[in-house]
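Contents: one structure, followed by commentary.
As the structure lists them, so they are numbered: ligands from 1, and atoms in each ligand from 1.
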Amino acid sequence: MQQLPEVTDPRVIDGKKLSRDIEAKVKEGVLHLEEERGVKPGLATILVGEHPPSKLYVKLKHWASKRVGIYSEDHKFPETAAQEEIIELIGKLNKRPEIHGILVQLPMPKHIDERTVMMHIAPEKDVDGFNPLNMGKMFIGREGFVPCTPEGIVRALEHYDIDPKGREVVVVGHSNVVGKPAAMMLLNRNATVRICHVFTKDLKSHTTEADILIVATGVRGLIKADMVKEGAIVFDVGITWMDDKVYGDVDFEDVLPKVKLVSPVPGGVGPMTIAILMEHTLDAARMQSGKQANSLYNEIN
Ligand code: GUN
């Protein structure tokens with residue numbers, strides 16, 4: 001795996017450091033929950049197929065669980081697995097009290113409808129925030145479990161004391177995993193948000209107006225210095241794997257002299273995503289074991 005260089009430049013968002021801070025709090029919370037209620041948070045991951053990056057991400061999620069004291073189990077299916085088999089496993093995990101969070105790693109093979117699968121995760125165990133109930137709650141401004149990567153972006157902004165209210169936010173990429181939820185979460189915080197995507201004409205005319213630019217396309221080096229505004233805050237969420245190395249959507253060296261802040265790849269939003277997943281699993285365990293267990297969900301279900 002790529003070694004991450006020490007971040008010393010104040011313009012570079014140190015996702016590794018931010019994630020360590022989050023993990024330290026989660027670890028404390030896990031100990032406290034065990035002492036107080038005798039409950040150890042539990043996370044189940046589901047991986048279908050042999051997509052190498054997905055295998056690595058799942059492994060990283062289990063390593064993080066271990067670091068913070070969360071119990072985790074790893075469910076794997078072959079590429080050819082039927083959708084019904086996955087849904088059946090989710091049904092079983094939904095019923096197991098020692099499992100508080102369920103994560104289905106995306107992307108799944110083409111013959112599986114990811115949205116149908118996500119609908120079967122119990123909303124209170126949906127630590128990735130992809131169940132339509134949790135997505136819908138985010139849409140109406142009642143954020144519960146929200147997707148971890150956009151939450152990482154919001155948390156990084158909070159860390160730097162940057163209020164998105166009234167700022168021009170441009171999101172490039174309209175996926176359900178990053179682009180759409182990132183846009184919605186910043187809209188919920190009263191930013192002026194526009195979403196660009198593969199069919200957007202004249203991308204540069206939009207990106208150059210962004211105070212906060214979020215790029216999640218998977219097109220390596222798409223964003224160059226001439227496409228960003230002077231003093232912008234840039235989040236690079238793109239990941240392209242090439243010869244065992246990862247590259248972002250932003251030409252980092254090119255934009256660095258122009259920006260106020262930029263998240264690198266690797267070492268930016270990636271580690272934050274995993275730390276927030278740990279936090280969500282702890283939150284799920286707290287909710288499911290508390291006095292008002294699941295009240296957030298019962299009122300809607
Ligand atoms: N694939 C890429 N990002 C994510 C993520 O945040 N969650 C899941 N489940 N799969 C992903």
*Of the backbone atoms (N, CA, C, O) and the side-chain heavy atoms from C-beta on, which set of V104 has a member under 4.0 Å from an atom of ligand 1: side chain, backbone, both, or neither?*
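The part of V104 near ligand 1 is the backbone, not the side chain.
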
_ligand 1 versus D128: contacting region, heavy-atom distance under 4.0 Å_ =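 Under 4.0 Å from ligand 1, D128 contributes side-chain atoms alone.
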
*Using a 4.5 Å cut-off on heavy atoms from C-beta on, say whether the side chain of T273 contacts that of Y57.*
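No, too far: nothing below the 4.5 Å cut-off.
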
*Give the residue and atom name of whichever protein heavy atom lies nearest to atom 11 (C) of ligand 1, and the separation in Å to one decimal.*
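In this structure, atom 11 (C) of ligand 1 has Q105 NE2, 3.4 Å as its nearest protein heavy atom.
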
_Residue and atom name of the nearest protein heavy atom (relative to atom 10 (N) of ligand 1), distance in Å to one decimal_ =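 Closest protein heavy atom to atom 10 (N) of ligand 1: L106 N, 3.0 Å.
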
*Based purely on interatomic distance, does P107 place a nitrogen or oxygen under 3.5 Å from a nitrogen or oxygen of ligand 1?*
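No, no N or O pair falls under 3.5 Å.
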
*Considering all heavy atoms of both residues, which atom of V170 and which atom of C196 are nearest to each other, and what is their separation?*
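Heavy-atom minimum between the residues: CG1-SG, 3.8 Å.
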
*Do you know which two heavy atoms are closest between N134 and F145, and how far apart they sit?*
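What the structure gives for the nearest pair is CB-O, 3.4 Å.
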
*Nearest to atom 3 (N) of ligand 1 by heavy atom, V269, V177, T149: which?*
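Heavy atom nearest to atom 3 (N) of ligand 1 belongs to V177.
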
*Is there a donor-acceptor pair under 3.5 Å between the side chain of K40 and the backbone N or O of Y71?*
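Flag not set: sc K40 to bb Y71 has no pair under 3.5 Å.
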
_Taking CZ in R115 as the centre, count heavy atoms belonging to other residues, nucleotides or ligands within less than 6.0 Å. Is the count above 12?_
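Open: at most 12 neighbouring heavy atoms sit under 6.0 Å from CZ of R115.
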
_Between CZ on residue F252 and OG on residue S263, distance to nearest 0.5 Å_ =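 One finds 8.5 Å between CZ of F252 and OG of S263.
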
*For ligand 1, is there an atom lying under 4.0 Å from some heavy atom of Y57?*
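No, Y57 has no heavy atoms under 4.0 Å from ligand 1.
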
